[in-house]
2 protein chains.
Amino acid sequence: MLYRNIMHSPHAPAPHHDHDHCIADALTRADALCAERGARLTSLRRRVLELVWNSHRPRGAYAILEDLSQQDGKPAAPLTVYRALEFLVEQGLVHRIESLNAYVGCAAPGAVHSGQFLVCAACGNAIEIDDPRIRSAIDATAAEHGFRVQRPTVEVRGLCPECQEKVP
Amino acid sequence: MLYRNIMHSPHAPAPHHDHDHCIADALTRADALCAERGARLTSLRRRVLELVWNSHRPRGAYAILEDLSQQDGKPAAPLTVYRALEFLVEQGLVHRIESLNAYVGCAAPGAVHSGQFLVCAACGNAIEIDDPRIRSAIDATAAEHGFRVQRPTVEVRGLCPECQEKVP
DNA sequence: TGCATGATGTTACGATATAACATCCGTTTG
DNA sequence: CAAACGGATGTTATATCGTAACATCATGCA
């Protein structure tokens, strides 16, 4: 039932899905979006985006930095990566997972969504969701408190279906 | 006597509420809860809790560390504070605000609640809420994804009513 | 061509957090 | 009481995450 939906959702990939295709898709969408917006997806930024998409697990800035350094054969500076990530986050191509100090590729860039994640404590995968019930509940309670919402952050730590089976 | 920020929060509605009373209440509740549980609220842990409650704004571990060092006249080590905070968070006396890497006193320790905050980008106050609609929306969407919830984190960045008036 | 602007490089540093191991101190137990 | 035990705290060092300030490069455009 719903489990199957997960398996076929781009947000929660099957364990052995074609991840090269995932990456290629993400880059293609990013190219299109940036062209449309007149944003400059430079070579460096594109490379960083590709490294973020290296897995569906949020990755730390320094992990990406290492990859970048290894590719180039010489060490890159942290700022190099942080600046690229800042651009990517601004463009909605990448999300920052606050509770992990890490970054993950956005599953649906361009679409309006509010940064909601199911983060598996075991495998580290971050499943991006966009549940209007959560969003509207947040908007409602904020309104009741006279609070003006700018950026809602929802990060649910727990166990994904696969990891529940492994460690019940 | 330490300097204290007197901030407006739903738990202290008046802009110039009696914050000493806030702190005293928090400590009393902490004493009772820990006694009830057989948890050891040692002198150090109690002092750290008091320093967290110094304002209604989330405070960084190193800010607390400085206060502690100043009180003692000699520098304390980071671990001293981190270990105390770890205990306090475990006991539900303090919450960690992930998006700020900071800690704030729990408004209703002992009660079941799920860590939801309205964080003002201007004044820095963190208003703790416990909206069952948010929680049940999270539970529902998690269930639909076959995800087992361990710890939901909801941190809504925005502007509190007072700061909206100041900077509209 | 040369300027304006944004992107990237370089160096240094600040902020946040933990590892590994030693010591203290209250409680239990012989 | 003393010895053993275990949790709390102290000490030192280091890992991890993030930014400031300023220089240089690249790209598009007048």
Does the side chain of E155(A) come under 3.5 Å of the side chain of T153(B) through a donor N or O and an acceptor N or O?
no
L65(A) CG to dT8(C) P, in whole Å, measures 15 Å
Length of the line joining R59(A):CZ and dT16(D):P, which is rounded to integer Å:
14 Å
For A137(B), is there any backbone N or O sitting under 3.5 Å from a side-chain donor or acceptor partner on T141(B)?
no
Derivation and outcome, side-chain hydrogen bond (donor to acceptor under 3.5 Å, both in side chains), residues R59(B) and Y103(B)
CA-CA 5 Å; R59(B) 308 195 70 205; Y103(B) 302 82; over 6 Å; no
What nucleotide among dT12(D), dT10(C), dA17(C) has an atom nearest to a side-chain atom of L79(B)?
dT12(D)
R135(A) and D139(A) ion-paired at < 4.0 Å
yes
Nucleotide dA17(C), atom P - distance to CD1 of I97(B) in whole Å:
13 Å
Check this one for me: any side-chain N or O of N101(B) less than 4.0 Å away from OP1 or OP2 of dA15(C)?
no
Whole Å only: how far is the CD atom of E86(B) from the C1' atom of dT16(C)?
15 Å
Does a distance-only test, which skips hydrogens and angles, find a donor-acceptor pair under 3.5 Å between the side chain of R83(B) and the base of dG10(D)?
yes
Residues of residues 29-48 of chain A with a heavy atom under 4.0 Å from any atom of DNA chain C, listed by number, are R40(A), T42(A), L44(A), R45(A)
Looking at T80(A), I'd like to know whether one of its side-chain N or O atoms comes within less than 4.0 Å of OP1 or OP2 on dT8(C).
no
Students often mix this up, so state it plainly: with edges at 30° and 60°, are the rings of W53(B) and H19(B) parallel, tilted or perpendicular?
tilted
Nearest nucleotide by nearest heavy atom, which residue falls closer to the 5' end of DNA chain C, P75(A) or F87(A)?
F87(A)
Give the rounded distance in Å between these two atoms: CG of L100(B) and C1' of dC17(D).
15 Å
From OH of Y82(A) across to C1' of dT16(C) the rounded distance in Å is 11 Å
Give a yes/no verdict on base stacking between dC17(D) and Y62(A): centres under 5.5 Å, planes within less than 30° of parallel.
yes
Without swapping roles, check the side chain of R40(B) against the backbone of C34(B) for a donor-acceptor pair under 3.5 Å.
no
Without decimals, in angstroms, what is the distance between E98(B) CD and dA17(C) C1'?
13 Å
Could you tell me whether a side-chain N or O of D18(A) sits under 3.5 Å from a main-chain N or O of D20(A), the two making a donor and an acceptor?
yes
Quickly work out the L85(A) CG to dT8(C) C1' distance and round it to whole Å.
15 Å
